[in-house]
Amino acid sequence: MMKTAQVRVIESMQEYVPRAEETKVFLAGGMHNCPDWRYEAITAFKQIWFGSSANRCSLALLSPRRVIAGSSGFNESMVAWEYRHLALADLVLFWFPSGNAARPEQPIALYELGAAAAAGRAIAVGVENGYRRRSDVVAQLRCARPGLPVHSDLLSTVGTAVEALGAKTHPLRSAS
(Lines give C-alpha, C1' and ligand atoms only; values in the text may rest on other atoms or scores of the structure.)
Protein backbone atom coordinates (compact mmCIF):
# COMPACT_ATOMS: atom_id res chain seq x y z
CA MET A 1 0.00 0.00 0.00
CA MET A 2 1.43 3.35 -1.07
CA LYS A 3 1.67 6.10 1.53
CA THR A 4 0.02 9.41 0.75
CA ALA A 5 2.30 12.41 0.74
CA GLN A 6 1.56 14.96 3.47
CA VAL A 7 2.60 18.47 4.38
CA ARG A 8 3.41 18.86 8.07
CA VAL A 9 4.09 22.17 9.78
CA ILE A 10 6.44 22.22 12.75
CA GLU A 11 6.41 25.55 14.56
CA SER A 12 8.78 27.13 17.04
CA MET A 13 9.54 25.17 20.15
CA GLN A 14 7.99 21.96 18.76
CA GLU A 15 10.76 19.43 18.40
CA TYR A 16 10.82 17.87 14.98
CA VAL A 17 11.70 14.22 14.68
CA PRO A 18 12.82 13.74 11.07
CA ARG A 19 11.16 11.05 8.99
CA ALA A 20 13.21 9.42 6.27
CA GLU A 21 10.51 9.96 3.64
CA GLU A 22 10.11 13.69 4.34
CA THR A 23 11.68 16.58 2.53
CA LYS A 24 12.41 19.41 4.97
CA VAL A 25 12.12 23.15 4.28
CA PHE A 26 12.98 25.84 6.82
CA LEU A 27 11.02 29.09 6.45
CA ALA A 28 13.60 31.78 7.24
CA GLY A 29 13.04 35.49 7.10
CA GLY A 30 11.33 38.39 8.77
CA MET A 31 9.78 37.66 12.12
CA HIS A 32 9.62 41.04 13.85
CA ASN A 33 8.14 44.29 12.53
CA CYS A 34 6.58 42.60 9.50
CA PRO A 35 3.41 40.78 8.48
CA ASP A 36 2.97 37.08 9.26
CA TRP A 37 4.09 35.94 5.83
CA ARG A 38 4.64 32.33 6.94
CA TYR A 39 0.91 31.58 6.88
CA GLU A 40 0.81 32.61 3.20
CA ALA A 41 3.96 30.58 2.45
CA ILE A 42 2.56 27.47 4.15
CA THR A 43 -0.69 27.80 2.18
CA ALA A 44 1.28 28.18 -1.07
CA PHE A 45 3.48 25.16 -0.30
CA LYS A 46 0.39 23.03 0.37
CA GLN A 47 -1.17 24.06 -2.95
CA ILE A 48 1.96 23.78 -5.10
CA TRP A 49 3.54 20.69 -3.48
CA PHE A 50 0.84 18.25 -4.58
CA GLY A 51 0.88 19.50 -8.17
CA SER A 52 4.63 19.04 -8.56
CA SER A 53 6.97 16.15 -9.26
CA ALA A 54 8.30 16.63 -5.71
CA ASN A 55 5.10 15.24 -4.23
CA ARG A 56 6.36 11.69 -4.21
CA CYS A 57 7.36 12.28 -0.60
CA SER A 58 5.95 14.19 2.32
CA LEU A 59 7.02 17.71 3.18
CA ALA A 60 7.93 19.10 6.60
CA LEU A 61 7.81 22.89 6.87
CA LEU A 62 9.94 24.07 9.77
CA SER A 63 8.34 27.38 10.65
CA PRO A 64 9.74 29.61 13.37
CA ARG A 65 7.27 31.98 14.92
CA ARG A 66 8.10 34.75 17.30
CA VAL A 67 8.12 33.51 20.89
CA ILE A 68 7.72 36.38 23.33
CA ALA A 69 10.44 36.58 25.93
CA GLY A 70 11.58 39.24 28.36
CA SER A 71 11.55 42.98 27.71
CA SER A 72 14.48 42.69 25.29
CA GLY A 73 12.57 40.24 23.09
CA PHE A 74 15.55 37.85 23.20
CA ASN A 75 14.78 34.19 23.73
CA GLU A 76 17.81 31.90 23.82
CA SER A 77 15.75 28.72 23.53
CA MET A 78 14.18 30.12 20.33
CA VAL A 79 17.64 30.81 18.88
CA ALA A 80 18.68 27.24 19.73
CA TRP A 81 15.48 25.83 18.15
CA GLU A 82 16.14 27.75 14.93
CA TYR A 83 19.78 26.68 14.82
CA ARG A 84 18.91 22.98 15.22
CA HIS A 85 16.09 23.05 12.69
CA LEU A 86 17.99 25.09 10.10
CA ALA A 87 20.62 22.34 10.13
CA LEU A 88 17.97 19.70 9.35
CA ALA A 89 16.55 21.45 6.27
CA ASP A 90 17.05 20.15 2.75
CA LEU A 91 16.31 23.67 1.52
CA VAL A 92 15.96 27.02 3.27
CA LEU A 93 13.42 29.48 1.91
CA PHE A 94 14.26 33.09 2.72
CA TRP A 95 11.61 35.81 2.51
CA PHE A 96 12.27 39.45 3.33
CA PRO A 97 8.95 41.32 3.46
CA SER A 98 8.82 45.11 3.36
CA GLY A 99 7.35 45.28 6.89
CA ASN A 100 7.86 48.23 9.18
CA ALA A 101 9.68 51.02 7.32
CA ALA A 102 11.33 52.20 10.54
CA ARG A 103 12.90 48.79 11.36
CA PRO A 104 12.84 46.51 8.32
CA GLU A 105 16.31 45.01 8.31
CA GLN A 106 15.70 41.59 9.90
CA PRO A 107 19.40 41.22 10.87
CA ILE A 108 19.18 37.60 12.05
CA ALA A 109 17.59 36.51 8.77
CA LEU A 110 20.29 38.39 6.85
CA TYR A 111 22.95 36.60 8.91
CA GLU A 112 21.29 33.23 8.24
CA LEU A 113 21.11 34.00 4.51
CA GLY A 114 24.80 34.91 4.40
CA ALA A 115 25.76 31.73 6.24
CA ALA A 116 23.57 29.52 4.01
CA ALA A 117 24.80 31.17 0.79
CA ALA A 118 28.46 30.88 1.82
CA ALA A 119 28.03 27.24 2.84
CA GLY A 120 26.49 26.31 -0.52
CA ARG A 121 23.16 25.24 0.99
CA ALA A 122 20.09 24.84 -1.18
CA ILE A 123 18.20 28.13 -0.84
CA ALA A 124 15.29 29.94 -2.45
CA VAL A 125 15.25 33.70 -1.90
CA GLY A 126 12.59 36.35 -2.19
CA VAL A 127 12.79 40.02 -1.29
CA GLU A 128 9.69 42.18 -1.49
CA ASN A 129 10.20 45.38 -3.49
CA GLY A 130 9.51 47.61 -0.46
CA TYR A 131 12.22 45.96 1.67
CA ARG A 132 14.79 48.66 2.40
CA ARG A 133 17.85 46.37 2.08
CA ARG A 134 16.66 44.69 -1.14
CA SER A 135 19.56 46.04 -3.27
CA ASP A 136 22.06 44.78 -0.69
CA VAL A 137 20.59 41.26 -0.70
CA VAL A 138 20.52 41.14 -4.51
CA ALA A 139 24.09 42.47 -4.84
CA GLN A 140 25.52 40.15 -2.18
CA LEU A 141 23.85 37.10 -3.74
CA ARG A 142 25.07 38.13 -7.18
CA CYS A 143 28.61 37.83 -5.77
CA ALA A 144 28.13 34.80 -3.52
CA ARG A 145 25.73 32.81 -5.71
CA PRO A 146 25.78 34.07 -9.32
CA GLY A 147 22.66 33.02 -11.19
CA LEU A 148 20.53 32.44 -8.10
CA PRO A 149 17.16 34.07 -8.75
CA VAL A 150 15.94 36.59 -6.19
CA HIS A 151 12.17 36.87 -6.44
CA SER A 152 10.00 39.88 -5.64
CA ASP A 153 6.95 37.90 -4.56
CA LEU A 154 6.44 35.08 -2.09
CA LEU A 155 4.50 32.80 -4.44
CA SER A 156 7.37 32.74 -6.98
CA THR A 157 9.84 32.07 -4.18
CA VAL A 158 7.79 29.08 -2.97
CA GLY A 159 7.38 27.85 -6.57
CA THR A 160 11.14 27.93 -7.13
CA ALA A 161 11.71 26.04 -3.87
CA VAL A 162 9.25 23.30 -4.85
CA GLU A 163 10.75 23.07 -8.34
CA ALA A 164 14.25 22.67 -6.88
CA LEU A 165 13.09 20.00 -4.45
CA GLY A 166 11.45 18.05 -7.26
CA ALA A 167 14.59 18.03 -9.37
CA LYS A 168 17.03 15.16 -9.02
CA THR A 169 19.75 17.73 -8.41
CA HIS A 170 19.32 20.89 -6.39
CA PRO A 171 19.92 23.76 -8.84
CA LEU A 172 19.66 26.22 -5.94
CA ARG A 173 22.71 24.67 -4.28
CA SER A 174 26.16 26.09 -4.90
CA ALA A 175 28.33 24.04 -7.23
CA SER A 176 31.41 24.58 -5.08
Side-chain angles (χ1 to χ4, degrees), residues 3-52 54-69 73-97 99 106-128 137 145 148 150-151 153-167 170-174:
K3 287 186 177 179
T4 304
Q6 301 175 327
V7 175
R8 287 196 307 149
V9 178
I10 294 81
E11 292 190 336
S12 301
M13 313 316 282
Q14 294 176 328
E15 279 309 310
Y16 169 63
V17 178
R19 296 178 182 167
E21 73 278 2
E22 275 183 329
T23 298
K24 299 161 287 299
V25 174
F26 188 93
L27 302 179
M31 192 175 307
H32 303 278
N33 301 310
C34 65
D36 182 10
W37 61 271
R38 285 176 177 81
Y39 176 79
E40 185 181 340
I42 290 166
T43 301
F45 265 108
K46 287 177 177 178
Q47 291 172 350
I48 297 170
W49 187 252
F50 294 111
S52 76
N55 72 357
R56 289 182 287 263
C57 63
S58 292
L59 177 67
L61 296 174
L62 309 172
S63 178
R65 303 255 186 198
R66 184 173 182 211
V67 176
I68 305 297
F74 176 72
N75 184 324
E76 190 165 346
S77 58
M78 177 66 190
V79 172
W81 184 92
E82 285 193 45
Y83 184 82
R84 284 192 312 277
H85 290 80
L86 266 166
L88 294 171
D90 297 306
L91 181 138
V92 182
L93 179 139
F94 287 93
W95 177 244
F96 295 92
Q106 306 299 335
I108 302 304
L110 288 169
Y111 169 79
E112 292 168 344
L113 174 61
R121 303 242 0 231
I123 56 176
V125 181
V127 184
E128 196 169 22
V137 172
R145 299 288 285 274
L148 181 82
V150 177
H151 299 281
D153 66 284
L154 184 56
L155 188 59
S156 297
T157 309
V158 171
T160 294
V162 171
E163 185 178 304
L165 291 167
H170 290 285
L172 302 181
R173 189 179 304 278
S174 177

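Values below: all heavy atoms of this structure, side chains included; hydrogens, waters and symmetry mates excluded.
For the pair Met78 and Pro64, the minimum side-chain heavy-atom distance is below 4.5 Å. Side-chain contact between Arg8 and Ser58: absent, with no pair of heavy atoms (C-beta onward) separated by less than 4.5 Å. Between Leu27 and Ile42, some side-chain heavy-atom pair lies under the 4.5 Å cut-off. Within the 4.5 Å cutoff, no side-chain heavy atoms of Glu128 are placed close to those of Trp37. Side-chain contact between Val150 and Phe96 is absent, with no heavy-atom pair separated by less than 4.5 Å. Counting heavy atoms from C-beta outward, Ile123 and Arg145 have side chains that approach closer than 4.5 Å. With a 4.5 Å cut-off on side-chain heavy atoms, Trp49 and Leu165 count as touching.
Each salt bridge (Lys or Arg N to Asp or Glu O under 4.0 Å) pair with one or both residues in residues 32-42, not counting sequence neighbours, appears once here: Asp36-Arg65.
Partners of Leu86 under the side-chain contact (heavy atoms from CB on, under 4.5 Å) rule, at least two apart in sequence or in another chain, are Phe26, Val92, Glu112. Not counting sequence neighbours, the partners of Leu155 by the side-chain contact (heavy atoms from CB on, under 4.5 Å) test are Ala44, Ile48, Asp153.
Smallest separation of non-hydrogen atoms from Thr157 and Val125: CG2-C, 3.7 Å. Looking at every heavy atom in both residues, Leu59 comes nearest to Glu22 through O-OE2, 4.2 Å. When all heavy atoms of Val127 and Trp95 are compared, the closest pair comes out as N-CZ3, 3.6 Å. A pairwise comparison of heavy atoms in Ser156 and His151 identifies CB-ND1, 3.5 Å as the closest pair. Taking each heavy atom of Phe45 and Ala161 in turn, the nearest pair found is CZ-CB, 4.0 Å. Nearest heavy atoms, Met13 versus Ser77: CE-OG, 3.3 Å.
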Q: Give the intermediate values and the outcome of side-chain contact (heavy atoms from CB on, under 4.5 Å) for residues Leu88 and Arg84.
A: CA-CA 7 Å; Leu88 294 171; Arg84 284 192 312 277; 5.7 Å; no

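Counting only distance, with no hydrogens or angles, the side chain of Trp81 and the backbone of Gln14 share a donor-acceptor pair below 3.5 Å. Between the side chain of Arg19 and the backbone N or O of Ala60, no donor-acceptor pair lies under 3.5 Å.
The structure places CD1 of Ile108 at 13.0 Å from CG of Leu113, a figure rounded to the nearest 0.5 Å. Separation of atoms CG (Leu62) and CD (Glu11) is listed at 11.0 Å; rounding is to 0.5 Å.
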